[in-house]
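Please read all numbers here as calculations on a predicted model, not as lab measurements.
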Amino acid sequence: MNDNFIDFRELVMFFLSELEEKHLAEFEVVVSKIWQRRNELTFKQHLSTPSQIIHHATQELDMLNSLHQSMTSLNAHPQIPDLSSPRWQPPPEGIYKINWDASVRKEDCTIGVGIAIRDWQGRFMATMRMKKPMFLDAYLAESFAALQTVILTADIGINQIILKGDALQVVNDLFRDEENWGQAGLISMDTKAVSRNFQTFLVHHLNRASNVIAHTLAKDALTIDDVLVELEDVPNCIGSLDDPIE
């Protein structure tokens, strides 16, 4: 291996061309944890030890391997969905899957936020419905809903999550490193700031048909006065809904 790299980019390009897929994934996760360590020192004055970085990186790699094995198993043994049984796909043990959505009502410039938090056994740990006056912009509303999602999750003490929503623009904002000084972009920057507190934070995009639970909660939020959080209970508005495949 050549030790005379001009910069970090050259080192990365070398690894991309030389490392096997498994080792490349390890490199990517460790680098992301080192970057997170830098952010924690900058914004929170907290410095993780190297052993903590390796511990958290190992946990995330184990989770990613579990996800990969689950997807490989599904692809190798495709099944026709049984509509008589639950079709919601659970995350790996210890990880919480969280769906969010927003609904806009033009008549009174109001948005509804819907959030559903479930564990690896499919149990509802929390739901939230929130109504808020806001400028009628779907992008802004979805960005605000994503922020409320991570705030609620942090408040109830969950720190390993997969965040799922059907707003592709917001999902892309949460993936990007660059700053976005638009209204929605500023909200997404706040969401990313909160997400640094999570041990595991993944964001997935899904289509509207697969986000029916959060969408129904968001629609129902327009009928309440302010905010309604329910812990370990299923609101009536989604009690009879069948889960789509996610």
Side-chain angles (χ1 to χ4, degrees), residues 86-89 91 96-119 122-158 161-174 180 182-195 201 203-246:
R87 297 185 292 157
W88 181 80
Q89 301 300 311
Y96 294 81
K97 183 182 285 188
I98 306 174
N99 292 72
W100 99 89
D101 201 7
S103 183
V104 175
R105 186 167 63 194
K106 297 180 180 180
E107 291 79 8
D108 57 356
C109 295
T110 302
I111 70 164
V113 173
I115 301 167
I117 302 176
R118 283 174 282 186
D119 68 6
R123 296 174 300 188
F124 280 88
M125 307 308 295
T127 62
M128 186 173 84
R129 286 164 283 171
M130 172 187 287
K131 184 170 74 172
K132 185 175 180 64
M134 182 175 286
F135 181 73
L136 293 181
D137 180 89
Y139 177 28
L140 185 63
E142 292 281 5
S143 299
F144 177 79
L147 174 59
Q148 297 307 310
T149 302
V150 295
I151 290 174
L152 172 65
T153 305
D155 284 346
I156 63 178
I158 292 174
I161 68 172
I162 301 174
L163 192 63
K164 309 195 77 169
D166 55 57
L168 180 59
Q169 196 170 5
V170 178
V171 171
N172 288 337
D173 282 345
L174 297 177
N180 180 347
Q183 276 188 302
L186 287 170
I187 293 174
S188 290
M189 287 167 62
D190 288 341
T191 302
K192 288 188 284 187
V194 176
S195 73
F201 180 72
V203 185
H204 293 171
H205 176 258
L206 73 172
N207 59 44
R208 171 58 62 86
S210 297
N211 205 28
V212 63
I213 297 293
H215 181 67
T216 302
L217 288 168
K219 284 285 189 183
D220 192 71
L222 295 171
T223 68
I224 66 175
D225 292 330
D226 187 15
V227 182
L228 183 57
V229 176
E230 297 186 53
L231 300 178
E232 299 183 358
D233 199 6
V234 181
N236 291 334
C237 63
I238 60 173
S240 61
L241 293 178
D242 290 327
D243 274 310
I245 294 176
E246 296 185 13

Verdict with reasoning, I98 to I115, per side chain to side chain contact (heavy atoms under 4.5 Å, CB included): CA-CA 7 Å; I98 306 174; I115 301 167; 4.0 Å; yes

Check against side chain to side chain contact (heavy atoms under 4.5 Å, CB included), I213 and R118: CA-CA 11 Å; I213 297 293; R118 283 174 282 186; 4.2 Å; yes

For the atom pair [atom1] ([X]) and [atom2] ([Y]), what is the distance rounded to the nearest 0.5 Å?
| X | Y | atom1 | atom2 | value |
| --- | --- | --- | --- | --- |
| I162 | F201 | CD1 | CZ | 11.0 Å |
| S143 | L174 | OG | CG | 7.5 Å |
| N211 | T216 | CG | OG1 | 9.0 Å |
| H215 | I238 | NE2 | CD1 | 13.0 Å |
| Q169 | L140 | CD | CG | 11.0 Å |
| N207 | L168 | CG | CG | 11.5 Å |

Matching residue for W100 among V113, T149, L147 - test: side chain to side chain contact (heavy atoms under 4.5 Å, CB included):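 Between W100 and the candidates, side chain to side chain contact (heavy atoms under 4.5 Å, CB included) is satisfied uniquely by T149.
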
Of the non-hydrogen atoms in [X] and [Y], which two are nearest, and what is the gap between them?
| X | Y | answer |
| --- | --- | --- |
| I156 | A126 | CD1-CB, 4.0 Å |
| A146 | V170 | CB-CG1, 4.1 Å |
| S210 | L206 | O-CD1, 3.2 Å |
| E142 | R208 | OE2-NH2, 4.4 Å |
| L217 | P235 | CD2-CG, 4.0 Å |
| S188 | D173 | OG-CB, 3.7 Å |

Side-chain donor or acceptor of S195 paired with backbone N/O of K192 under 3.5 Å: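 Pair found, side chain donor or acceptor close to backbone of K192.
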
Side-chain donor-acceptor contacts of residues 220-232 below 3.5 Å, not counting sequence neighbours, with atom names and distances?
residue: D220; atom: OD2; partner: R129; partner atom: NH1; Å: 2.6
residue: T223; atom: OG1; partner: D220; partner atom: O; Å: 2.6
residue: E230; atom: OE2; partner: R129; partner atom: NH2; Å: 2.4

Set of residues satisfying ring-ring contact (aromatic ring centres under 6.0 Å, His included) with respect to Y139, sequence neighbours excluded: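 Expected list: none.
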
Crowding at CG, D108 (>12 non-hydrogen neighbours, <6.0 Å):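 Yes.
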
L163 and T153: CA distance, side-chain angles, deciding distance, side chain to side chain contact (heavy atoms under 4.5 Å, CB included) verdict: CA-CA 10 Å; L163 192 63; T153 305; 6.0 Å; no

Qualifying residues under side chain to side chain contact (heavy atoms under 4.5 Å, CB included), relative to V104, sequence neighbours excluded: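 Listed in chain order: I111, L136, A141.
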
Side chain to side chain contact (heavy atoms under 4.5 Å, CB included) assessment of K131 paired with R105: CA-CA 10 Å; K131 184 170 74 172; R105 186 167 63 194; 4.2 Å; yes

